[in-house]
**Student:** 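Mind looking over this structure? Questions follow.
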4 protein chains.
Amino acid sequence: MSPKLVNVEQKRKEIIEGTLMALSKKELSELKIADIAKEINMGQSTIYEYFKNKDELIKQALEYFLQELYIPEENEELTVLEEFELILEKFKRQIKEERTNEINILIDVFYQGIKGDFEKLGEVYSDYIDYMVERINRDQKRGIIREDIDPQALISWVGATFDGLWIQSLLRPKDFDVDKIFNSFLKAIEIYIKKD
Amino acid sequence: MSPKLVNVEQKRKEIIEGTLMALSKKELSELKIADIAKEINMGQSTIYEYFKNKDELIKQALEYFLQELYIPEENEELTVLEEFELILEKFKRQIKEERTNEINILIDVFYQGIKGDFEKLGEVYSDYIDYMVERINRDQKRGIIREDIDPQALISWVGATFDGLWIQSLLRPKDFDVDKIFNSFLKAIEIYIKKD
Amino acid sequence: MSPKLVNVEQKRKEIIEGTLMALSKKELSELKIADIAKEINMGQSTIYEYFKNKDELIKQALEYFLQELYIPEENEELTVLEEFELILEKFKRQIKEERTNEINILIDVFYQGIKGDFEKLGEVYSDYIDYMVERINRDQKRGIIREDIDPQALISWVGATFDGLWIQSLLRPKDFDVDKIFNSFLKAIEIYIKKD
Amino acid sequence: MSPKLVNVEQKRKEIIEGTLMALSKKELSELKIADIAKEINMGQSTIYEYFKNKDELIKQALEYFLQELYIPEENEELTVLEEFELILEKFKRQIKEERTNEINILIDVFYQGIKGDFEKLGEVYSDYIDYMVERINRDQKRGIIREDIDPQALISWVGATFDGLWIQSLLRPKDFDVDKIFNSFLKAIEIYIKKD
DNA sequence: AATGAATGAGCCTTCATTCAT
DNA sequence: AATGAATGAAGGCTCATTCAT
């Protein structure tokens, strides 16, 4: 609450953002403290005034990144299917705009998460699924989605497909026909969930 | 006149397998030549008799791993849907057996592949898709799968789901209800591709 | 606000002088960074704060040495012959004082120069010859040296003799009778260049 | 005397010559045992059957080289001055033919000799001087060279000039005007030693 | 006798971290 | 609070030499 503290937090934020900026250019295992310091025009040792060590800084930077990334835009009025369409639409735009900055960081976030060095990701993932489960529940009550569908299961594999598609778009960018693939995928969901 | 003769390819294979073994315990960016040497009870310098440098060894080890992994069991008699079921069945078993060794390596393979440091993965991925496209084509001719379905698109997103599920099972192992999720997923595919 | 500030050039000089000191004890091909660091009581890595790598440090050290060595004392008032005498006089003193430090470095300077790994030496050598050519020209105008003598040619072989004598004094120190040899050499030059 | 021994000597000679061949391509401090072995198509370890270690091999190779080099062609009938001319003539040819092979080795021979790691050179040098002293004596008796000249001193500095000129020709090849320099040098000697 | 194979010792260099002002 | 300076610890790689057949 004291003005000092605010400054400290401000400084930590500055360093974290520099870290993310640097991380968008270099993969984590190649990222040096020197890179970060240079990114924000700061002495290396100053960083150690605000973070215990490199690991700590990285961890907090990734958490910050995740927080910023997943601010769920409360599209409460949309149906789940419409939301899926929206996600894919954003995805498509991202591929075309080559938002490599964010993507590069995201790769490391997932890598660390999967390796178990960054538990936060798992939590966020679960939170997201919980959130979507509610949305699906609501649509089921509204009668838009078949009631015998398990919301947990549905969002699990649909979310998985999102992740997998994103990986695939990076692995084989040349042959990745976004429109065709997305259409096929959406169609399948639609048929699966719709009441007939 | 007759010094000890060693099958060079055999030795390279031994080193590569040691590398993979070591890689299953430590993530790539932390893997040292010393770890590999220790793994196979060999002097570090011996490794350099068979591989130009660490990068070269790692690259070849990952390629070897991929090769071993993706020996497609020619289940020619199975329908595509049955093959999907088989894959998920294997997946389920893997999760239960905690085949962490392979998984750990696979994570690095993907990480390297996505980062663009391991082009082979993209190729293998594309090969797999091509192979499955033919299988789907065949099922379409047989009349098992709807003809208006684009094989490329279908296998792209189905493959993506496989990858994504695998990631998810690592990210949130506690909450990952394999059976429920797989069933839901398979059901969706079935409805989508079946002739009605 | 005010961390320790160091005169970078001063530090570089200190390291260079340590390098030369170490080089006077060990031949170049056996000189390790560790030797240099120990010589000046400094961590090895500190050296890398001031020099890109070992090669760069060595090169700059040799250049520094050469610079210090060949500060031509402008004996403008002396005749060329007197200057030759002076050089030999200095040489004699050096042999007696066993200035092995400088000598050892000089050997490596020449070795590197001859091998083509240290171009600076050739330049300095040529500069020296140019300088002496002018001096000879002046003496010719003054009528002290015969006009049909080619200054370039003269200083070339006289300089060569200096170098050769220096080598010889190192190769066969026991049998190298300085006074007799220098006298004979000077007498020859005197006869050769004098106007009769 | 036994055939075995002859074979051993033959083999040693082969290795030594391979060493010299390799040494003519690479400077001593960069020469590896592997280079030598490759040069003569031999396993590295075989070399160790014939020489205790690398240092020993190098030393013997340099000695062998020196022996081959300084086979004084007994030009008994020539005067000393004529012999000097002959030496310079050979030198000139060597420069023009770019006999870099021999030169490269010679540089290392001298480097090692000066550093004191190769005593043989000093001995050979002294032997050569002794030999020339006798020649000068003879010419003095014949009345071709002034009697008040000290043979030791003369050949010392003349030899030194040879060495120095050789160095200079390597240090500043562009500006080294062989003919002019040699003529000036020879003229000086002629004037110095001639009876008038 | 010959040599393919193996290796320990060592060196250069990097980098996270600490020190000192 | 900020940072320039210093460094220890570690890793990749080389190479002379030994081992084993």
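Letters A, B, ... are given to chains in the order of the sequence lines, protein chains preceding strands, and every chain is numbered from 1. Bear in mind the structure is a predicted one, so any value in this text is a computation, not a measurement.
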**Student:** Without decimals, in angstroms, what is the distance between M42(C) CE and dG4(F) C1'?
**Tutor:** 14 Å
**Student:** How close do I15(D) and I36(D) get, counting heavy atoms only, and between which atoms?
**Tutor:** O-CG2, 4.3 Å
**Student:** Tell me yes or no: between the side chains of Q60(A) and E56(A), is some donor less than 3.5 Å from an acceptor?
**Tutor:** yes
**Student:** For K25(C) and E39(C): C-alpha separation, side-chain torsions, deciding distance, then whether salt bridge (charged side-chain N to carboxylate O under 4.0 Å, His left out) applies.
**Tutor:** CA-CA 11 Å; K25(C) 300 174 187 167; E39(C) 187 72 45; 3.0 Å; yes
**Student:** When rounded to the nearest 0.5 angstrom, what is the spacing between OH in Y64(B) and CD1 in I16(B)?
**Tutor:**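 If I round to the nearest 0.5 Å, the distance is 7.5 Å.
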**Student:** Once you round it to whole Å, what is the distance between C1' of dA2(E) and CD1 of I40(D)?
**Tutor:**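 Whole-Å distance recorded here is 12 Å.
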**Student:** Nearest whole Å is fine: how far is dA1(F) C1' from N7(A) CG?
**Tutor:** 11 Å
**Student:** Hey, are D117(C) and Y111(C) close enough side-chain-wise for a donor-acceptor pair under 3.5 Å?
**Tutor:** no
**Student:** What integer distance in Å separates E14(C):CD from dA6(F):C1'?
**Tutor:** 12 Å
**Student:** For every nucleotide of nucleotides 10-16 of chain E, 5' to 3': is a protein heavy atom under 4.0 Å from its base (B), only from its sugar-phosphate (S), or from neither (-)?
**Tutor:** -SSBBBS
**Student:** Would you mind classifying the nucleic acid contact of F51(B) as base, sugar-phosphate or nothing, using non-hydrogen atoms under 4.0 angstrom?
**Tutor:**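 The residue F51(B) makes no contact with any strand.
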**Student:** Strictly below 4.0 Å: does K11(C) bring a side-chain N or O up to OP1 or OP2 of dG4(F)?
**Tutor:**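 Answer is no, no contact under 4.0 Å.
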**Student:** Between Y50(A) and dA2(F), does any side-chain N or O lie under 4.0 Å from OP1 or OP2?
**Tutor:**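 So the side-chain polar atoms of Y50(A) do come within 4.0 Å of the phosphate oxygens OP1 or OP2 of dA2(F), strictly under.
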**Student:** What integer distance in Å separates I58(B):CD1 from dG12(F):C1'?
**Tutor:**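 It works out to 12 Å between those atoms.
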**Student:** Do D108(A) and K115(B) come within less than 4.5 Å of each other through their side chains, counting heavy atoms only?
**Tutor:** yes
